[in-house]
Each structure stands twice: as C-alpha cells, then as structure tokens.
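Bear in mind that the values here come from a model prediction, so they are computed numbers and not experimental data.
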Protein chains: 2
Amino acid sequence: MRMGRKSSESMNGANRSYLAQKLTKGGARLTAQRKMLVEIIQNSTGHLDAASLLRLAKRRDSRIHRATVYRTLELLKRLRLIDELDLMHLEGEKHFYEPRTRSEHFHLACFRCGKILEHNTPTFERLKKEISEQTGFKIEVIRLEAGGQCEECRAQADSSQSDASRAAR
Amino acid sequence: MRMGRKSSESMNGANRSYLAQKLTKGGARLTAQRKMLVEIIQNSTGHLDAASLLRLAKRRDSRIHRATVYRTLELLKRLRLIDELDLMHLEGEKHFYEPRTRSEHFHLACFRCGKILEHNTPTFERLKKEISEQTGFKIEVIRLEAGGQCEECRAQADSSQSDASRAAR
DNA sequence: CGTTAAATGCGAATGGGTCGCAAAAGCTCC
DNA sequence: GGAGCTTTTGCGACCCATTCGCATTTAACG
C-alpha cells in the first residue's frame, strides 16, 4: 500500500499479534491504516471523535482519507475493540470512541462545565446480570450515560438563580 | 396565529393547565403548535422521531414547519417533559422521543430483528442513587441503552453460524 | 386592544456520516 | 517471492438529520 512506514512505531510484538488476531479472524485485513488508527485510539487519553482521529492520523500520513476512518471505526465497533459514546450530545451529534481495553465504566457529562466523569460501581455489573436474567436479552453492547451537574458546578449553582427559570425559553 | 382551531381537541382541562404551567413557567409561550406537538407525543404509543412527529403534525395542520418541530423538541427536552433516545442507532442517527409521564425504564435494542424492549428493575434506581452518593454528581438526565439479541433471536442464532465470523468484515 | 418580546415559517446552509467506483494493497497458494 | 483473487483505500459526490437568519406573526401583559 501507499504508506512507506517502518512497522516499529509504538507497537510491540504482543500488541501486534493481538490486533492481528482480532482483525484477521474472519477475513478482515491488517492494513497499515488500520494499524495506525488502532494505535492512535489505544494511545489516546481522552475521548476521540472521528474528526480528531482523522486529524491525528493525517499527522502521520496525510494521505489517509475520512472514509477510511469511518470504515475502520465501524469495523472496530463490530469487533468489540472500541465502544461508541454519545456523551449526552454535549458537543453536537458526533460520536466518541474509546478502546475497550480499559475496565468498564460509564460516563457522566456535566452540562455546565462540559467535563466528562468516568465512574463505575459493582451495582452496574449486577444490573447487567439482572437484565439478562429477567428478559432473556443477550447484551452485546451497553451504554449508560448521565447528564447533569458535577460536584463543583453544583456548589456554584446553589448560589445562583433557579434551574426552572433558566430551562424555560 | 395561523391556525383556526377549536381549542378543545383531545386535551382536557387538567392536562392543559399542567402543560400551560410547565410551558409558561419561565417565559415559554403556549402556542397552538406546541400544544399540538405535545398532544401528539403524549398520545403516541411507540418511539417518535422528528420526521414522524412532523408527518403526524402536518396531518392536523399542514402549515407547521420542520424547524418548529425541532425547536419544540429542544424546548420539551429542556423542560424535562420528554426524553431523547438513540436506541443504539439501530436506524441511523436520528433521535427518538418519549414523554416522561410513563414510569422510568431503559431500552434494549435487538440488533437482529430491530425490536425495542423496555425494562426496569429496582437495581437501576439503586445505581442512580449510588452514582450521586459516590461522585457528588447531580443526575438530571440518564440514559441506559443496550444492544444485543432478544430472547427469540437468540434461539435462532444458536442454530446458525458463529458471531465472530459474521462480525469480522 | 396595543405593545412588545417570543415563536413561526421559510429555505438555505451545516455537518456528520455514507456510497460507488477505479486504483492499490493484503493474503493465499504454489 | 510472485500471480491471482479479494478486500481495502482514496476520492469526491452525495445523503440526511438538524440548525440558522430573517421577515412575519402571535401570545402575553398591561
């Protein structure tokens, strides 16, 4: 393919075979673009949207195309290597992505300051189990998101006007 | 305004004052369009998207505009009269809406047959409480959605090919 | 009723995401 | 390690849900 890259970069042997295994199982090919995109996602700290991912990828190889990013995200989603988030549409309709390698958690989006908190409790695990048991539904993907006010913003809000008068209009 | 309507329709006095109260609290005006849209949403059984809502509204008054529907949905969301759902993007990126009058529940979207199940358990309530207690976050909106396979589709899937080979590519 | 700020209709614009196609690159098998 | 077949990529046009700016209309309050 078009990318003259040294295949070292920041991927070690172990990671590579893991990815290769995941990607090639079933017919998906391990292309330079896919390797690069997965690397970027794995190494990123925050929550990436498609446009940011494209921007970062273009820094390594400017020839990569938007469509490839979207197609790769779709693939990784199907393979369960990443999760797709909406983050309560705090920043419009775009989606965010995070690797599934980290431990499970859900997201709390502060409507005031825009901060995204990650959290988890054993009750979430229990809830998932109950859902399956009670409904017979096999959960493949689950997304829990809340919007509201973080602790800091709450403190500020208390000394300001009421929510109701701000909400209407 | 442009709509020559008898203000009776299917809204009774109690509902009307409830809406009037909710809408006018803080400056929002009780227009004929808003009353109509809220009525349609309240009386609808399934999950409405903006386009369906517009279609239904046009049946009552063809002059209502798309933008009004979107603006009203935005308003109702802010006033907490409706919840916005993504339903795991089973049908593209559009949003669905449901009145908050029904009791709380979350949604399970079957990737196979497209069915949307509604469910709830006391553990969900407990989870919300724990989130607030543990993080200090004040939850204003919460959305729990799962995607996977419903009981019926699971039975069928068992006698068919494996998930993995279907997912890759 | 008259006034005035808010809401509507309109159509153009935006923005995230998708598609069809020809060229290019992985994979497989020898 | 190259031929040959299949998947993937780049590309740009396209799609679809949603938003915007502005002139006109209307609800709400006096």
Side-chain angles (χ1 to χ4, degrees), chain A residues 1-5 7 16 19-21 23-38 48-55 57-58 61-78 84-87 89-97 165 168-169, chain B residues 1-5 7 16 19-21 23-38 48-55 57-58 61-79 84-87 89-97 168-169:
Chain A
M1 175 340 108
R2 306 176 183 86
M3 338 205 69
R5 320 165 37 263
S7 64
R16 174 167 212 165
L19 285 178
Q21 187 192 340
L23 282 175
T24 56
K25 179 190 284 186
R29 289 181 182 173
L30 192 60
T31 67
Q33 290 90 331
R34 286 175 177 171
K35 282 192 279 193
M36 177 170 66
L37 292 171
V38 172
L48 284 177
D49 58 36
S52 309
L53 180 54
L54 176 62
R55 207 177 324 112
K58 271 189 183 298
D61 188 311
S62 64
R63 288 164 301 182
I64 195 166
H65 193 269
R66 193 159 30 96
T68 302
V69 170
Y70 283 109
R71 288 187 282 231
T72 302
L73 287 172
E74 201 54 41
L75 173 68
L76 297 176
K77 221 165 43 171
R78 278 207 310 278
E84 185 178 64
L85 317 170
D86 289 320
L87 300 183
H89 308 122
L90 216 59
E91 295 182 45
E93 300 310 320
K94 64 189 168 198
H95 297 135
F96 297 87
Y97 301 89
S165 61
R169 41 183 316 274
Chain B
M1 98 81 51
R2 305 177 183 86
M3 337 204 71
R5 327 165 29 264
S7 64
R16 174 164 212 166
L19 285 178
Q21 186 192 341
L23 282 175
T24 57
K25 179 191 284 184
R29 290 180 181 173
L30 192 61
T31 67
Q33 290 90 331
R34 286 175 177 171
K35 282 191 279 191
M36 177 170 66
L37 292 172
V38 172
L48 285 176
D49 57 37
S52 308
L53 180 54
L54 176 62
R55 208 177 325 110
K58 272 191 183 297
D61 188 312
S62 64
R63 289 164 301 182
I64 195 167
H65 193 269
R66 196 160 22 96
T68 302
V69 169
Y70 282 108
R71 288 187 281 232
T72 301
L73 287 172
E74 199 55 36
L75 174 68
L76 297 177
K77 219 166 42 172
R78 278 208 310 278
L79 293 174
E84 186 178 65
L85 316 171
D86 290 320
L87 300 183
H89 308 122
L90 216 59
E91 295 182 45
E93 300 309 321
K94 64 189 169 196
H95 297 134
F96 296 88
Y97 301 90
R169 41 183 315 268

Nucleotide nearest [X] (side chain, heavy atoms from C-beta), chosen from [options]:
X	options	value
A:K94	D:dG10, D:dA28, C:dG16	C:dG16
B:Y70	D:dT8, D:dT19, D:dA28	D:dT19
B:H65	C:dT8, C:dG16, C:dG11	C:dG11

Round to a whole Å and report the spacing from [atom1] of [X] to [atom2] of [N].
X	N	atom1	atom2	value
A:L76	D:dT8	CG	P	12 Å
A:D61	D:dT8	CG	P	19 Å
B:D86	C:dG17	CG	C1'	15 Å
B:L90	D:dA17	CG	P	15 Å
B:R55	D:dC16	CZ	P	14 Å
A:L73	D:dT9	CG	C1'	15 Å
B:L48	D:dA17	CG	C1'	16 Å
B:E93	C:dT18	CD	P	6 Å

Take B:V69 and A:R29, find for each the nucleotide of DNA chain C with the closest heavy atom, and name the residue whose nucleotide sits nearer the 5' end.
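So the residue in question is B:V69.
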Closest-nucleotide 5' rank along DNA chain C - winner of A:E74 and B:S62:
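Nearest-nucleotide comparison on DNA chain C picks B:S62.
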Output all residues satisfying side chain to side chain contact (heavy atoms under 4.5 Å, CB included) with A:A51, sequence neighbours left out; order by chain, then residue number.
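Here the qualifying residues are A:D49.
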Hey, is the side chain of A:R66 pairing donor to acceptor with the base of C:dG17 inside 3.5 Å?
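Indeed there is one.
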Does B:R71 contact C:dG9 through a side-chain donor or acceptor facing the base, at a distance under 3.5 Å?
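Answer yes: a donor N or O sits under 3.5 Å from an acceptor.
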Any side-chain N or O of [X] below 4.0 angstrom from OP1/OP2 of [N]?
X	N	answer
A:T68	D:dG10	yes
B:Q33	D:dA27	no
A:H95	C:dG16	no

Decide yes or no for B:T31 and B:T68: does some side-chain heavy atom of the first lie under 4.5 Å from some side-chain heavy atom of the second?
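When only atoms from C-beta onward are counted, B:T68 and B:T31 do not touch, as no gap falls below 4.5 Å.
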Side chains of B:Y97 and B:L53: does their closest heavy-atom pair fall under 4.5 Å?
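The answer is no; the side chains never approach within 4.5 Å.
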For B:A50, answer base if it contacts any base atom (sugar-phosphate contacts may also be present), sugar-phosphate if it contacts only those atoms, and nothing otherwise; contact means non-hydrogen atoms under 4.0 Å.
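The answer is sugar-phosphate, as B:A50 gets under 4.0 Å only of primed atoms, P, OP1 or OP2.
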Decide, yes or no, whether a salt bridge links B:E74 with B:K77 under the criterion of side-chain N to carboxylate O below 4.0 Å.
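Counted as a salt bridge, because a side-chain N and a carboxylate O are separated by less than 4.0 Å.
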With a 3.5 Å cut-off and no angle check, do the side chains of A:Q33 and A:H65 form a donor-acceptor pair?
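Result is no, nothing qualifies.
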